Amino acid sequence: MTSSAPAYKRILLKLSGEAAMGDQSFGIDPATVARVAGEVKAAKDAGYDICLVIGGGNIFRGMAGAAKGMDRSTADYMGMLATVMNALAMQDALEAIGVSTRVQSALAMNQVCEPLILRRAKRHLEKGRVVIFAAGVGAPYFTTDSGAALRASEMKCDALLKGTSVDGVYDSDPKTNPNARRFDRIGYDRVLADNLKVMDAAAVSLCRDNEIPIVVFNIREPGNLARVLAGQGVSTTVGPMEPQISEGLNNG
């Protein structure tokens, strides 16, 4: 079951660090980053204003470091640096195919990217550039999901699109349960109450409070971002509505 065409103009695309990793077990795969950059270019060419947030889990995950005994703040700052590396890789791939971009970091590192200045970021969008936000919210104890929700709110985005390895939100893990059922639409409160792991609770709450729908889709499927934006792809929309479960069984 496909969704109807959404009326979005300005979007924030949230990608996990793993989206830059490809089939590797660690790091950045240039071919995979180039493919995702092509997805972003196709959406840009379709007329959307695009902001990007990329996680850092392919390089370093703060929570994992803290679980192994590191100071949580130190580990989270290291994770923020990993997101800057991914942002620069994506910038390089986009610029290589003719897409003008700017990276803005919540941690100051002026030799490699701009500082976070929202008015400047909005001006970049007005000039047709893709803005990549790096370093999360610039503080520990927050995930890049929260950073994405914050930037989507600040930039007045019409939707937050989360590109994952599955094609939406399920009532259980489709990777382990072949009978898991996918939601076409589901409410913010249901996601929080059932702990459905769409994004962390702070991110979902922030989107709810600012009435920003979260669209979950599979970024690993070539061409899927453009299809979802055109209302032709399979996805789940999280918003202020009653949940509906799609017909049939989905194996993810």
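Note that the structure is a prediction, hence the values are computed from the model and not measured.
Arg151 places a side-chain N or O within 3.5 Å of a backbone atom of Gly136 that can act as its donor or acceptor partner. No donor-acceptor pair under 3.5 Å is formed between the side chain of Asn86 and the backbone N or O of Gly17. At distances below 3.5 Å, not a single donor-acceptor pair connects side-chain atoms of Lys14 with backbone N or O atoms of Gly147. Between the side chain of Thr143 and the main chain of Ser146, a donor-acceptor pair closer than 3.5 Å is present. Formation of a donor-acceptor pair under 3.5 Å by the Arg10 side chain with backbone atoms of Met155 is found in this model. At least one donor-acceptor pair under 3.5 Å links the side chain of Asn224 to the backbone N or O of Asn218. The backbone N or O of Met21 lies less than 3.5 Å from no partner atom in the side chain of Asp29, so there is not a single donor-acceptor pair. Checking side-chain atoms of Asp145 against main-chain N and O of Met199 turns up no donor-acceptor pair under 3.5 Å. Distance alone, capped at 3.5 Å, places no donor-acceptor pair between the Gln104 side chain and the Ala134 backbone.
Of the N and O atoms on the side chains of Ser165 and Lys175, at least one donor lies less than 3.5 Å from an acceptor on the other residue.
For the atom pair CD (Glu39) and CG (Leu15), the distance works out to 9.5 Å, reported to the nearest 0.5 Å. For the atom pair Met80 CE and Thr144 OG1, the distance stands at 10.5 Å (nearest 0.5 Å). Taking OG1 from Thr236 and CZ from Phe217, the interatomic distance works out to 12.0 Å, rounded to the nearest 0.5 Å. If you take CZ on Phe26 and CZ on Phe60, they are separated by 10.0 Å, rounding to the nearest 0.5 Å. For the atom pair Glu114 CD and Met109 CE, the distance stands at 13.5 Å (nearest 0.5 Å). Taken to the nearest 0.5 Å, the CD atom of Glu154 stands 10.5 Å off from the SG atom of Cys51.
Between Leu229 and Ala43, the shortest heavy-atom distance links the atoms CD1-CB, 3.7 Å. Pairing each heavy atom of Tyr48 with each of Ile11, the nearest pair is CD2-CG2, 4.5 Å. Looking at every heavy atom in both residues, Gly27 comes nearest to Gln24 through C-NE2, 3.9 Å.
Pairs engaging residues 193-204 under the salt bridge (Lys or Arg N to Asp or Glu O under 4.0 Å) rule: Arg190-Asp194 [sequence neighbours left out].
Only one option out of Leu161, Val215, Ile214, Asp184 pairs with Thr237 in a side chain to side chain contact (heavy atoms under 4.5 Å, CB included); it is Val215. With Glu126 as the partner, the side chain to side chain donor-acceptor pair (under 3.5 Å) test is satisfied by one option alone out of Lys122, Arg123, His124: Arg123.
Using a cut-off of 4.0 Å between Lys/Arg side-chain N and Asp/Glu carboxylate O, Asp171 and Arg182 are scored as not salt-bridged. A salt bridge is defined here as a Lys NZ or Arg NE, NH1 or NH2 lying under 4.0 Å from an Asp or Glu carboxylate O, and Arg61 with Glu18 meets this definition.
Counting non-hydrogen atoms of other residues, nucleotides and ligands closer than 6.0 Å to CE of Met63 gives a total of 12 or fewer. Within a 6.0 Å sphere centred on CZ of Phe142, other residues, nucleotides and ligands contribute 12 heavy atoms or fewer.
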Between side-chain atoms of residues 201-208 and protein atoms elsewhere (two or more places apart, or another chain), which donor-acceptor pairs fall under 3.5 Å?
unit_1, atom_1, unit_2, atom_2, d
Ser205, OG, Ala201, O, 2.9
Arg208, NH1, Asp189, OD1, 2.9

Under 3.5 Å, side-chain donor or acceptor atoms of residues 88-95 against the rest of the protein: list the pairs with distances, not counting sequence neighbours.
unit_1, atom_1, unit_2, atom_2, d
Gln91, NE2, Thr101, OG1, 3.3
Glu95, OE2, Thr101, N, 3.0
Glu95, OE2, Thr101, OG1, 3.1

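Under the 4.5 Å side-chain heavy-atom criterion for grouping Ile, Leu, Val, Met, Phe, Trp and Tyr, Val198 is connected to Ile212 within one hydrophobic cluster.
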